Amino acid sequence: MTTTLAAAWTGHDTRLIGATVLAIAVIVVLITKAKQHPFLALILGSGVLGLVGGMPVDKLIKSFSSGVGSTVASVGVLIALGAMLGKLLADSGGADQIVDTILRRAGDRALPWAMALVAVLIGLPMFFEIGLVMLIPVILLVAKRTGKPLLMLGIPALAGLSVLHGLVPPHPGPLAAAGALNANVGLTLAFGLLVAIPTVIIAGPLFGRLAAKMVPDAVAPERLVPESSSEEGRRPGFLATLSTVLLPVVLMMGKALADILLDKENHLRRVLDFIGDPLVALLAAVLLGMLTLGKSAGFTRDKLSSTVADSLPPIAGILLIVGAGGGFKQTLVDAGVGNVITSLATGANLSPLLLGWLVAVAIRLATGSATVATVSAAGIVAPLAATMDPSHSALLVLAIGAGSLFFSHVNDAGFWLVKEYFGLSVGQTLKSWSIMETVISVVAIALILPLGALL
């Protein structure tokens with residue numbers, strides 16, 4: 001029997017694994033060396049995978065197209081709604097209101113913790129890059145006024161944004177992975193927040209103190225430090241803003257709890273299942289935000305319309321990457337790569353959660369993109385989720401998300417954003433930002449694995 005398995009392994013399975021490695025290598029080289037957009041790299045990588053793996057051309061094209069379509073259909077609308085909510089929050093001054101309110105109430109010693117809290121609240125509905133651009137002036141101004149080390153305040157904010165980006169829906173990575181693994185988004189959100197809180201604490205305020213000692217001479221470029229943040233126009237109130245931001249979180253968690261505690265025929269569960277669906281929850285938050293954020297800030301109908309419209313062009317690239325990642329995932333599945341990985345993991349007695357994390361780590365280190373790492377790893381380990389219960393499927397999403405954050409370095413756009421905004425050298429960025437990302441990844445998987453064993 002062992003000989004038969006070995007013969008089978010050295011035949012078709014070996015070809016599929018070789019095709020997968022080659023396809024990932026093509027994606028890596030195109031992104032890092034040829035400087036191609038990940039969208040194009042994923043299309044070409046899918047083609048290499050299918051052709052080398054022996055898929056008929058018509059099946060290859062159909063697999064990729066159906067993967068793109070199903071991914072954009074399930075995730076694209078949610079990303080668009082999240083972008084709308086984030087834009088309303090930014091343009092109305094609601095984000096500034098959250099920042100100013102929390103910082104006013106924070107004592108001197110609590111400032112790093114306050115920065116982490118601000119980043120978490122801002123980061124819930126916003127993409128990492130948008131949240132970073134919004135928070136940078138606050139971080140630099142607070143550092144200048146208080147005389148606190150820049151990284152002592154900056155690292156907690158970066159950790160809050162990064163953890164939310166990698167682990168918590170409605171961010172694109174977790175949403176795409178949940179879709180690929182057919183995981184319950186509400187459970188993913190609930191477990192994501194459970195893992196995110198201690199992870200932010202360790203990688204944020206606690207590591208921030210160490211980072212400030214490791215890079216004591218970090219000084220932000222003077223040209224980036226705002227003159228003043230004291231001018232407050234007409235803004236929405238703090239409670240109204242906070243309620244709007246947290247509404248989709250509450251609705252989706254309500255659905256997750258209802259699915260666990262109530263019978264399928266229960267009327268309350270049916271209601272909570274509807275309003276807690278990610279599409280309905282985010283749509284409700286956007287509609288509420290038009291009132292609590294837009295109207296409170298004095299937006300006219302034209303201004304409200306233009307704000308919502310302006311939120312969509314910046315996410316076009318993200319949608320394309322996520323869609324192409326879905327196509328790559330479907331090509332992996334239809335070629336049979338997932339089944340080979342599943343048999344390997346079963347034979348090696350390797351935890352599916354650890355396997356998902358390791359695959360995402362490898363792709364993250366190679367491509368630099370957390371989103372590419374997430375959607376690609378989800379496609380590779382998708383067959384493992386077919387036999388999992390809802391809780392473990394959600395944890396597999398988080399394990400992949402944690403792996404996708406591992407050690408950001410020079411092939412990651414986020415690395416250069418942080419370097420330039422904080423006025424750091426490459427070495428200083430590696431000692432602060434890159435290590436922080438690694439701490440997030442390792443702490444998160446260290447929390448996820450015991451959760452998987454307990455559930």
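Quantities reported herein were computed from a predicted structural model and do not represent experimental measurements.
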### Message
Please evaluate residues Ser243 and Thr292 with respect to the criterion side-chain contact (heavy atoms from CB on, under 4.5 Å), reporting the C-alpha separation (whole Å), side-chain torsions for both, the decisive distance (0.1 Å), and the verdict.
### Response
CA-CA 9 Å; Ser243 300; Thr292 57; over 6 Å; no
### Message
So, taking the atom named OG in Ser376 and the one named CG in Leu332, what distance separates them when rounded to the nearest 0.5 Å?
### Response
7.5 Å
### Message
I need the minimum non-hydrogen distance between Ala183 and Thr188, along with the two atoms involved.
### Response
CB-OG1, 4.1 Å
### Message
Any heavy-atom pair between the side chains of Leu320 and Ile315 that's under 4.5 Å?
### Response
no
### Task
Determine whether Leu384 and Leu355 make a side-chain contact, defined as any pair of heavy atoms from C-beta on separated by less than 4.5 Å.
yes
### Message
Would you say that Leu398 contacts Leu395 through its side chain, given a criterion of any heavy-atom pair below 4.5 Å between the two side chains?
### Response
yes
#### Entry: Criterion side-chain contact (heavy atoms from CB on, under 4.5 Å) on Phe328 and Ile43, from CA distance to verdict
CA-CA 7 Å; Phe328 182 58; Ile43 293 175; over 6 Å; no
### Worked verdict on Val77 versus Leu282 for side-chain contact (heavy atoms from CB on, under 4.5 Å)
CA-CA 10 Å; Val77 177; Leu282 277 168; over 6 Å; no
### Message
So, taking the atom named CG in Leu194 and the one named CG in Leu447, what distance separates them when rounded to the nearest 0.5 Å?
### Response
8.0 Å
#### Entry: Inter-residue atom distance Lys255.NZ - Leu262.CG, 0.5 Å rounding
11.5 Å
### Query
Side-chain contact, heavy-atom cut-off 4.5 Å: Arg269 with Asp263?
no
### Query
Which heavy atom of Gln97 sits nearest a heavy atom of Gly237, and at what distance?
CG-C, 4.0 Å
#### Entry: Minimum-distance pair of heavy atoms, taken over all atoms of Leu293 and Ser92
O-CB, 3.4 Å
### Query
At what distance, to the nearest 0.5 angstrom, does CE of Met84 lie from CG of Leu283?
9.0 Å
### Query
Does Gly173 offer a backbone N or O that forms a donor-acceptor pair with the side chain of His171 under 3.5 Å?
no
### Message
I need the Leu121 CG to Thr241 OG1 distance, nearest 0.5 Å.
### Response
10.5 Å
### Message
Could you measure the distance from the CG atom of Asn182 to the CE atom of Met388? Nearest 0.5 Å is fine.
### Response
12.5 Å
#### Entry: Side-chain heavy-atom pair Gln330, Ser46 within 4.5 angstrom cut-off
no
### Query
For Phe191, which of Leu193, Leu187, Leu189 qualifies under side chain to side chain contact (heavy atoms under 4.5 Å, CB included)?
Leu187
### Message
Assess whether a salt bridge exists between Arg235 and Asp100, defined as any Lys/Arg side-chain N lying under 4.0 Å from an Asp/Glu carboxylate O.
### Response
yes
## Note on the structure
Across all chains, not counting sequence neighbours, the side-chain hydrogen bond (donor to acceptor under 3.5 Å, both in side chains) partners of Arg209 are none
### Message
Can you confirm whether Leu353 sits close enough to Leu451 that some side-chain heavy atom of one is under 4.5 Å from a side-chain heavy atom of the other?
### Response
no
### Task
Walk me through it: do Leu210 and Phe207 pass the test side-chain contact (heavy atoms from CB on, under 4.5 Å)?
CA-CA 5 Å; Leu210 179 61; Phe207 176 71; 4.1 Å; yes
### Query
Taking C-beta and beyond as the side chain, do Trp113 and Leu206 meet within less than 4.5 Å on heavy atoms?
yes
### Query
Side chains of Ile155 and Ser432: does their closest heavy-atom pair fall under 4.5 Å?
yes
### Summary
Minimal heavy-atom distance between Arg301 and Lys295, with the atoms involved, is CG-NZ, 4.4 Å
#### Entry: Minimal non-hydrogen separation, Val381 against Gly356, with atom names
CG1-CA, 4.1 Å
### Message
Working note: Glu437 + Ser162, criterion side-chain hydrogen bond (donor to acceptor under 3.5 Å, both in side chains); need CA distance, chi angles, decisive distance, verdict.
### Response
CA-CA 8 Å; Glu437 288 282 86; Ser162 188; 2.5 Å; yes
### Task
Would you indicate whether Lys62, at its atom NZ, is surrounded by more than 12 heavy atoms from other residues, nucleotides or ligands within a distance under 6.0 Å?
no
### Task
Assess whether side-chain hydrogen bond (donor to acceptor under 3.5 Å, both in side chains) is satisfied between Ser63 and Thr331, documenting all intermediate values.
CA-CA 5 Å; Ser63 291; Thr331 306; 5.6 Å; no
## Note on the structure
Nearest heavy-atom contact between His409 and Ser434 is CA-OG, 4.3 Å
### Query
More than 12 foreign heavy atoms under 6.0 Å from CZ of Phe238: is that the case here?
yes
### Criterion side-chain hydrogen bond (donor to acceptor under 3.5 Å, both in side chains) on Ser441 and Trp357, from CA distance to verdict
CA-CA 9 Å; Ser441 182; Trp357 184 78; 3.0 Å; yes
### Query
Judged by atom type as modelled, is there a donor-acceptor pair below 3.5 Å linking the side chain of Arg364 to the main-chain atoms of Ala373?
no
